[in-house]
Student: 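Next up is a structure, given as structure tokens.
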Amino acid sequence: MFLFIAVVVSAWLLWRAFRPRAAPLFSQRKHWSLLLARPMADTMEIEGFYSPACDHFTEQAQKILRAALLHQAGIRSNCNDEAVRAHFSATLEQQWYSLDLQALTAGDEPRAAMAFACARVAFLVRCALLMRWLEPDLAWRVLLLNAQRAQDCFDSWEDFGKAYKLGREQWVAAFRVDSLGEAFHERHLRQLLAPGSDARADIPWRTPAALNPALAG
């Protein structure tokens, strides 16, 4: 009997030592702020988008994403990284809330436009951080402000997802470029809302509050 117990305990200790471990995540509210960009992160297959262990893009990823990110930010494609960093440092905190909302048409549905803008700002700022164009404190301030904007404007992940779907549809219908995304259908929304999908369904919409005076949390 003693030998059997020893074998069981040894097997359990070995399992604990060598079992696969989930990748570490940001704090819950930081992770929440990044989930707004889930459709775009999935489309571009951004490895490490949600991981604190990933602090920069590979050289190949930089080449693939650079021009499109600069276009979204309204920065000339021939700017070098130093000029891009200077632009973001001088303007992002004062102008982030208007990104993708300047080019609206009279026929655009406002809530749909807001959802689309929230997703694109989350994607742009996280990618800019991984491009090393932004200091982390500035990036997370904007990401959390953008997350609070989404929480204030929408009632649930489903409400946000439906508005995002319409927002992208009306964006591309007016011949506006979305080279970092792709068509977002009802089945995509259902997948993101499915319990156990390791996505939006696993984090409540209202908690944790996105905006908090303590940035590190």
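Positions are given from 1 along the sequence.
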Student: Rounded to the nearest 0.5 Å, what's the gap from CG on Leu34 to NE2 on His31? Could you check?
Tutor: 7.5 Å
Student: Applying the 4.5 Å side-chain criterion to the ILVMFWY set and letting contacts propagate, would Leu124 and Phe26 be lumped into a single cluster?
Tutor: yes
Student: Please name the pair of heavy atoms, one in Asp159 and one in Arg111, separated by the smallest distance, quoted to 0.1 Å.
Tutor: OD2-NH2, 2.7 Å
Student: If only side-chain N and O atoms count, and only distance matters, is there a donor-acceptor pair under 3.5 Å linking Asp81 with Trp133?
Tutor: yes
Student: From Ile64 CD1 over to Glu45 CD, what is the distance, rounded to the nearest 0.5 angstrom?
Tutor: 10.0 Å
Student: Using a 3.5 Å distance criterion without hydrogens, assess whether the side chain of Asn80 forms a donor-acceptor pair with backbone atoms of Glu82.
Tutor: yes
Student: Looking only at heavy atoms, which two atoms of Ala122 and Phe49 are closest? And how far apart?
Tutor: O-CZ, 4.3 Å
Student: Can you confirm whether more than 12 heavy atoms, excluding those of Glu59, are under 6.0 Å from its CD atom?
Tutor: no
Student: Going from CG on Leu189 to NZ on Lys165, what distance comes out if it is rounded to the nearest 0.5 angstrom?
Tutor: 8.5 Å
Student: Can Leu134 and Arg85 be said to form a side-chain contact (heavy atoms from CB on, under 4.5 Å), step by step?
Tutor: CA-CA 6 Å; Leu134 287 173; Arg85 281 190 286 269; over 6 Å; no
Student: Would you say the side-chain atoms of Arg38 pair up with the backbone N or O of Leu192, donor to acceptor, closer than 3.5 Å?
Tutor: no
Student: For a quick test of reading the model, state the closest non-hydrogen atom pair linking Leu104 to Ala113 and the distance between them.
Tutor: CD2-CB, 3.7 Å
Student: Please examine the side chains of Asn146 and Trp96, heavy atoms only from C-beta on, and report whether any two atoms are closer than 4.5 Å.
Tutor: yes
Student: Can you tell if the side chain of Leu145 reaches within under 4.5 Å of the side chain of Tyr97, non-hydrogen atoms only?
Tutor: no
Student: Say whether, by atom type as modelled, one donor and one acceptor occur between the side chain of Arg120 and the main chain of Asp100 under 3.5 angstrom.
Tutor: no
Student: Taking 4.0 angstrom as the limit, do Arg141 and Glu93 come out as a salt bridge?
Tutor: yes
Student: Same cluster or not: Leu69 versus Leu138, using hydrophobic residues (I, L, V, M, F, W, Y) connected whenever any side-chain heavy atoms lie under 4.5 Å apart?
Tutor: yes
Student: Is the side chain of Tyr50 donor-acceptor paired with the backbone N or O of Glu47 at a distance under 3.5 Å, no angle test?
Tutor: no
Student: Take Leu129 and His56, measure what side-chain contact (heavy atoms from CB on, under 4.5 Å) needs, and give me the verdict at the end.
Tutor: CA-CA 7 Å; Leu129 183 57; His56 66 280; over 6 Å; no
Student: In Å, rounded to the nearest 0.5 Å, how long is the span from CE of Met131 to CZ of Phe57?
Tutor: 7.0 Å
Student: Could you tell me if the side chain of Leu65 sits less than 4.5 Å from the side chain of Met44, heavy atoms only?
Tutor: yes
Student: Give the minimum heavy-atom separation between Gln94 and Ala90, together with the two atoms involved.
Tutor: OE1-O, 3.0 Å
Student: Please report the shortest heavy-atom distance between Leu143 and Arg126, naming the atom on each side.
Tutor: CD2-N, 4.3 Å
Student: Looking at Gln102, I want to see if its CD is surrounded by more than 12 non-hydrogen atoms of other residues, nucleotides or ligands under 6.0 Å.
Tutor: yes
Student: Could you see if Phe123 belongs to whatever hydrophobic cluster contains Val172? Use Ile, Leu, Val, Met, Phe, Trp, Tyr and a side-chain cutoff under 4.5 Å.
Tutor: yes
Student: Look only at the side chain of Thr58 and the backbone of Ala61, and say whether a donor-acceptor pair between them is shorter than 3.5 Å.
Tutor: yes
Student: Please verify the inter-ring angle class for Trp157 with Trp32; under 30° counts as parallel, over 60° as perpendicular, anything in between as tilted.
Tutor: tilted
Student: Any side-chain heavy atom of Trp205 sitting closer than 4.5 Å to one from Asp155?
Tutor: no
Student: Please examine the side chains of Arg168 and Met40, heavy atoms only from C-beta on, and report whether any two atoms are closer than 4.5 Å.
Tutor: no
Student: Working to the nearest 0.5 Å, report the span between OG of Ser33 and CD of Gln28.
Tutor: 11.5 Å
Student: Has the side chain of Gln170 got a donor or acceptor atom that lies under 3.5 Å from a matching backbone atom of Asp108?
Tutor: no
Student: Which value, rounded to the nearest 0.5 Å, describes the distance between Glu169 atom CD and Glu109 atom CD?
Tutor: 12.0 Å
Student: Side chains of Arg132 and Asp55: does their closest heavy-atom pair fall under 4.5 Å?
Tutor: yes
Student: Donor-acceptor pair, distance only, cut-off 3.5 Å: does the side chain of Glu135 make one with the backbone of Asp137?
Tutor: no
Student: Are Arg66 and Val84 side-chain neighbours, meaning at least one heavy-atom pair lies under 4.5 Å?
Tutor: yes
Student: Do Pro39 and Tyr164 come within less than 4.5 Å of each other through their side chains, counting heavy atoms only?
Tutor: yes
Student: I'd like to know if the side chain of Thr91 reaches the main chain of His87, judged simply by a donor and an acceptor atom lying under 3.5 Å from each other, with no hydrogens or angles considered.
Tutor: yes
Student: Does atom CD (Gln60) have a neighbourhood of more than 12 heavy atoms from anything else shown, all under 6.0 Å?
Tutor: no
Student: Measure across Met114 and Cys153 and return the closest heavy-atom pair with its distance rounded to 0.1 Å.
Tutor: CG-SG, 4.1 Å
Student: Please step through side-chain contact (heavy atoms from CB on, under 4.5 Å) for the pair Leu36 and Phe160, ending with a clear verdict.
Tutor: CA-CA 9 Å; Leu36 292 171; Phe160 174 77; 3.7 Å; yes
